[in-house]
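Since the structure comes first, as structure tokens, the remarks are kept for the end.
Each residue takes its place number in the sequence, starting with 1. Note that ligands are numbered from 1 as they come in the structure, with each ligand's atoms numbered from 1 the same way.
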Amino acid sequence: MNNFTFYSPTHFSFGRGTEKKVPELITRFGGSRVLLVYGGGSIKKSGLYATITEGLKSNGIYYSELGGVKPNPRSGLVYEGVKICKRDRIDFILAVGGGSSIDTAKAIAMGAKYDGDFWDFFCGTPITDALPIGTVLTIAAAGSEGSGNTVITHETKKKKWGTGSDLLRPKFSVLNPEFTCTLPAYQTASGATDIIMHICERYFSNTADVEVTDRLCEALFLTMIKETPIAIKNPNNYEARANIMWAGMLAHNNVCGVGREQDWASHQIEHELSALYDVAHGAGLAVVAPAWMKYVMTKNTNKFLQFAVRVWGCQMDFEHPEKTIVEGIERFEKFLQSIGMPTTLSAIGANVRDIPKIVDNMKIANGGTTGCFVKLNRDDVTAILKLAN
Ligand code: NZQ
Ligand code: ZN
């Protein structure tokens with residue numbers, strides 16, 4: 001196990017009715033002038049918007065609003081949010097929704113404390129200051145409620161890039177699984193795939209002797225494999241929704257990733273798919289991940305055998321271990337298909353002719369590599385995308 005620091009300062013409030021705590025939490029973490037950031041309307045339908053805004057008003061907390069965040073959040077709304085923060089002397093940002101609203105809030109939080117263009121932080125400028133943020137989560141997926149990361153699509157550059165800092169970790173996150181019961185099956189499945197992939201990016205590591213984090217990863221994999229079909233079949237099953245929601249947080253606040261090298265190649269590749277085709281992030285991952293596995297599986301066979309046997313329940317074939325590996329990947333791919341995820345480029349409207357453009361948009365465009373389990377150059381990424389065709 002490698003040396004590590006683990007810093008996860010977010011206060012989590014989990015369960016039914018916890019959204020009522022928002023005004024008290026904002027005050028506790030020093031907010032008095034709030035920017036409320038949300039998406040396209042799901043929170044208005046569910047009544048969450050009314051609960052939050054009434055709570056702010058009755059507690060005398062000033063707020064400005066920025067609604068309309070779209071999935072795969074764009075730079076335009078971030079610029080708008082930064083302006084509002086500066087104009088209205090905002091001291092706290094509250095994101096209500098999913099990863100897109102939370103990531104927009106994080107990008108605004110950095111931009112509000114900076115005189116230059118917020119996009120600089122996505123191109124390497126170190127993050128030294130940010131407004132505090134809180135979140136009320138309505139979809140189990142991105143894990144942004146517990147992470148220090150944000151991913152934004154630059155509209156004119158058509159690039160979807162990420163950045164991160166502990167300064168971006170939410171001060172608090174409120175998680176009421178009841179609010180995830182209104183999610184359509186496709187969004188539930190996309191979110192579940194993202195959660196599973198946040199575990200994979202950490203699990204597929206060459207670092208040896210990481211038994212505790214491997215076992216934590218496996219507990220989360222098994223939970224997601226059990227609970228996702230239940231939530232899709234019976235959207236109002238509170239217990240399934242609750243287990244998925246907490247798994248989503250644990251999958252990405254890095255409790256499973258400490259002390260080991262992490263991969264992240266599938267995410268880097270997928271981000272450019274969602275930038276170009278506006279596909280849901282989880283659905284893009286369902287296309288990339290099986291192809292990535294097939295391409296790299298021979299490089300560290302032990303880890304893939306462990307995945308096949310411990311996660312997918314395959315019988316170990318001692319004479320032909322490669323058959324066990326392939327069976328594990330097949331079971332994973334079939335699971336994704338069974339929950340309604342696409343697993344080919346064509347299924348998300350992508351075209352093999354676009355592969356050079358996808359690779360050009362990645363941060364490896366000018367040489368360099370992505371991923372750690374196996375370091376991938378342009379040719380490798382091209383080959384993976386062709387396998388996904
Ligand atoms: O906009 P509204 O109307 O709220 O609708 C949303 C949106 O259409 C809908 N939705 C959310 N909660 C709902 C609901 N519909 C019905 N009932 C509810 N309770 O779901 C759609 C997707 O919302 P979005 O916020 O985009 O989902 P998600 O949480 O999957 O976030 C995806 C974004 O997070 C980024 C992804 O790249 C993507 O841009 N990620 C962020 C990470 C991070 N910050 O750490 C890590 C991840 O790997 C990921 O890259
Ligand atoms: Zn993700």
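The ligand atoms of ligand 1 that sit less than 4.0 angstrom from a heavy atom of Thr138 are 11 (C), 12 (N), 13 (C), 18 (C), 19 (N). Distances below 4.0 Å separate heavy atoms of Gly39 from the following atoms of ligand 1: 1 (O). Listed by number with element, the atoms of ligand 1 under 4.0 angstrom from any heavy atom of Asn72 are 39 (O). Residue Val151 has at least one heavy-atom neighbour below 4.0 Å for each of these atoms of ligand 1: 41 (C), 50 (O). Against a heavy-atom cut-off of under 4.0 Å, His267 is close to the following atoms of ligand 1: 48 (O). For ligand 1, the atoms lying closer than 4.0 Å to a non-hydrogen atom of Asp194 are 47 (C), 48 (O). Contact atoms of ligand 1 toward Gly98: 25 (O), 29 (O) (distance under 4.0 Å to a heavy atom of the residue).
With Arg89 contributing its side chain and Cys85 its backbone, the two residues share no donor-acceptor pair below 3.5 Å. A donor-acceptor pair under 3.5 Å links the side-chain atoms of Thr51 to the main chain of Gly47, judged by distance alone. Judged by distance alone, the side chain of Glu145 and the main-chain N or O of Thr135 form no donor-acceptor pair under 3.5 Å. Between the side chain of Thr10 and the backbone N or O of Pro170, at least one donor-acceptor pair lies under 3.5 Å. Remark: side-chain polar atoms of Lys160 are not paired, donor with acceptor, to backbone N or O of Ser274 under 3.5 angstrom.
Any N or O atom pair closer than 3.5 Å counts here, and Trp264 shares no such pair with ligand 1. Checking only distances, Ser101 never comes within under 3.5 Å of ligand 1, N or O to N or O. Of the N or O atoms in Gly99, one or more lie within a sub-3.5 Å distance of an N or O in ligand 1. For the pair Gly41 and ligand 1, the shortest N or O to N or O distance falls below 3.5 Å. The N/O atoms of His271, backbone and side chain alike, include one that comes under 3.5 Å of an N/O atom in ligand 1. Taking distance alone, with nitrogen or oxygen atoms compared against 3.5 Å, Gly40 approaches ligand 1 more closely than that limit. For ligand 1, the polar-atom distance check against Ser42 finds a nitrogen or oxygen pair separated by under 3.5 Å. Considering backbone and side-chain atoms together, Ala141 places no N or O closer than 3.5 Å to any N or O of ligand 1.
By heavy-atom distance, the residue among Ala275, Pro184, Gly164, Ala142 lying nearest atom 42 (C) of ligand 1 is Ala142. The residue from Asp103, Val69, Asn253 that puts a heavy atom closest to atom 41 (C) of ligand 1 is Asp103. Ranked by closest heavy atom to atom 20 (O) of ligand 1, the top entry among Lys45, Lys70, Gln187 is Gln187.
Closest to atom 48 (O) of ligand 1, if we only count protein heavy atoms, is His198 NE2, 2.7 Å. For atom 49 (C) of ligand 1, the closest non-hydrogen atom of the protein is His281 NE2, 3.4 Å. Protein heavy atom closest to atom 24 (P) of ligand 1, with residue, atom name and distance, is Ser100 OG, 3.4 Å. The protein heavy-atom contact nearest to atom 19 (N) of ligand 1 is Phe179 O, 2.7 Å. In terms of protein heavy-atom proximity, atom 27 (O) of ligand 1 is nearest to Ile139 CD1, 3.9 Å. In terms of protein heavy-atom proximity, atom 45 (O) of ligand 1 is closest to Ser147 OG, 2.8 Å. The shortest contact between atom 17 (N) of ligand 1 and any protein heavy atom is with Thr182 OG1, 2.8 Å. Remark: minimum distance from atom 7 (C) of ligand 1 to any protein heavy atom is reached at Pro71 CG, 3.7 Å.
Ionic pairing of Arg74 and Asp278 is present here: one or more N-O contacts between side-chain nitrogen and carboxylate oxygen are shorter than 4.0 angstrom. A salt bridge between Lys294 and Glu333 is present, with a side-chain N of the basic residue lying under 4.0 Å from a carboxylate O of the acidic one. In summary, Arg169 and Asp166 engage in a salt bridge, as defined by a charged side-chain N under 4.0 Å from a carboxylate O. Of the charged side-chain nitrogens involved, at least one lies within less than 4.0 Å of a carboxylate oxygen, so that Arg28 and Glu24 count as a salt-bridged pair. Salt-bridge check for Lys303 with Asp214: passed, with a basic side-chain N closer than 4.0 Å to an acidic carboxylate O. Look at Lys83 and Glu80 and you find no salt bridge, because none of the NZ, NE, NH1 or NH2 atoms lies under 4.0 Å from a carboxylate O.
Counting only heavy atoms, the protein gets under 4.0 Å from atom 13 (C) of ligand 1.
Taking the six-membered ring for Trp and the full ring otherwise, Trp161 and His267 have centroids separated by 6.0 Å or more.
For a distance bound of 2.8 Å, the N, O or S atoms of His252 include none lying that close to the Zn ion (ligand 2).
Considering Pro73, Ser75, Ser144 as possible partners of Thr104, the one that fulfils the side chain to side chain contact (heavy atoms under 4.5 Å, CB included) test is Pro73. The side chain to side chain donor-acceptor pair (under 3.5 Å) with Arg241 is formed by just one residue from the set Thr188, Asn176, Asn234; it is Thr188.
Ring orientation note: the planes of Trp292 and Phe373 are tilted relative to one another, at an angle of 30° to 60°.
Contacts between Lys160 and ligand 1, counted as non-hydrogen atom pairs separated by less than 4.0 Å, involve the side chain only.
Asp194 contributes OD1 as its N, O or S atom closest to the Zn ion (ligand 2).
Considering CG of Asn243 and CD1 of Ile230, their distance stands at 9.0 Å, rounded to 0.5 Å. The OG1 atom of Thr128 sits 11.0 Å away from atom CE of Met110, with the distance rounded to the nearest 0.5 Å. The NZ atom of Lys171 sits 8.0 Å away from the CZ atom of Phe92 when rounded to the nearest 0.5 Å.
For the pair NE2 of His281 and NE2 of His198, the angle at the Zn ion (ligand 2) is about 170°; rounding is to 10 degrees.
Residue contact annotation: Pro73 has a non-hydrogen atom under 4.0 Å from ligand 1.
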